[in-house]
Amino acid sequence: MNMREIQRMQQQMQQKLAKMQEELEASQFTGTAGGGAVTVTMNGKFEMSSVKIDPEAFNAEDIAELEVMVLAAARDEFNTANGTQQHLANNVTGGMSIPGLF
């Protein structure tokens, strides 16, 4: 493999990574807790865009439980988004670990 082929492969990988990043940023990830009583949504930039709480699932005395469920739903969506990001990165890089890529 000559230097020109290596540069071409590097450029192709950079293009794939840029496209992957755009797709991730446009994606929405949802996490739930309490059997769907709490739903949290974030985008591929890890920015939360919404929190939905089923009002019938809680009353004023359940605030501590509600707080725990919101955190659980946020963790669930973060893990989903992070896992998707890692999976896509592995597809683009062929499983190679590239420092600073996620």
Side-chain angles (χ1 to χ4, degrees):
M1 188 178 297
N2 65 35
M3 185 60 104
R4 186 173 217 164
E5 290 172 333
I6 292 171
Q7 287 174 333
R8 184 175 41 83
M9 287 175 60
Q10 180 183 17
Q11 186 177 38
Q12 288 174 343
M13 186 180 290
Q14 287 173 335
Q15 289 170 346
K16 286 180 183 180
L17 288 171
K19 182 176 180 185
M20 179 197 71
Q21 189 66 36
E22 287 176 18
E23 290 173 3
L24 276 173
E25 289 176 3
S27 298
Q28 294 290 311
F29 301 94
T30 302
T32 61
V38 176
T39 302
V40 179
T41 303
M42 81 166 46
N43 64 24
K45 294 179 187 179
F46 295 96
E47 299 168 336
M48 281 199 265
S49 57
S50 73
V51 175
K52 303 281 185 200
I53 299 170
D54 179 358
E56 294 181 19
F58 299 96
N59 62 44
E61 292 83 40
D62 294 334
I63 294 300
E65 183 181 348
L66 175 60
E67 292 169 344
V68 168
M69 286 191 192
V70 169
L71 284 174
R75 285 187 190 115
D76 183 45
E77 77 175 314
F78 178 84
N79 290 336
T80 300
N82 194 45
T84 300
Q85 191 176 66
Q86 293 298 324
H87 176 74
L88 290 174
N90 285 338
N91 286 343
V92 171
T93 64
M96 292 186 312
S97 178
I98 300 175
L101 181 63
F102 297 117

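Counting from 1, the numbers follow the sequence of the chain as shown. Since the structure is predicted, the reported quantities are computational estimates derived from the model, not experimental observations.
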Review point. Are more than 12 heavy atoms from other residues, nucleotides or ligands located less than 6.0 Å from atom CD of Glu5?
Key: yes
Exercise for review: Could you tell me which non-hydrogen atom of Ala33 sits nearest to which non-hydrogen atom of Ala73, and how far apart they are?
Suggested key: CB-N, 3.8 Å
**Study point:** Contact check, side chains of Val38 and Phe58, non-hydrogen atoms, under 4.5 Å
**Key:** yes
Review point. With a 4.5 Å limit on heavy-atom distance, are the side chains of Lys45 and Glu25 in contact?
Key: yes
Practice item. Taking the side chain as every heavy atom from C-beta outward, state whether Leu24 and Thr84 have any pair of such atoms under 4.5 Å apart. Key: yes
Check your understanding: In Å and rounded to the nearest 0.5 Å, what is the NZ to OG1 distance from Lys52 to Thr30?
Key -> 10.5 Å
Review point. Hey, quick one: are Phe46 and Val40 part of the same hydrophobic cluster, counting side-chain heavy atoms closer than 4.5 Å, chains of contacts allowed?
Key: yes
Practice item. Could you tell me the separation between the OG1 atom of Thr39 and the CE atom of Met69, rounded to the nearest 0.5 Å? Key: 11.5 Å
**Study point:** Side-chain heavy atoms of Gln11 within contact of Gln7, under 4.5 Å
**Key:** no
**Study point:** Within one Ile-Leu-Val-Met-Phe-Trp-Tyr cluster: Leu71 and Met42, side-chain cutoff 4.5 Å
**Key:** no
**Study point:** Sub-4.5 Å side-chain heavy-atom contact between Met13 and Leu17
**Key:** yes
Revision key, fill the gap. In this structure, CZ of Arg75 is separated from OG1 of Thr80 (nearest 0.5 Å) by 14.0 Å
Study note, to complete from the structure: Rounded to the nearest 0.5 Å, the CD atom of Gln10 sits from the CD atom of Gln15 at a distance of 11.0 Å
Review point. Say you draw a straight line from CG of Asn82 to CD of Glu77; how long is it, rounded to the nearest 0.5 Å?
Key: 12.0 Å
Review point. Are the side chains of Ser49 and Asn43 in touch, meaning some heavy atoms are under 4.5 Å apart?
Key: no
**Study point:** CE on Met20 to OG on Ser27, rounded to 0.5 Å
**Key:** 10.5 Å
**Study point:** Note, Thr41 side chain near Phe29 side chain (heavy atom, < 4.5 Å)
**Key:** no
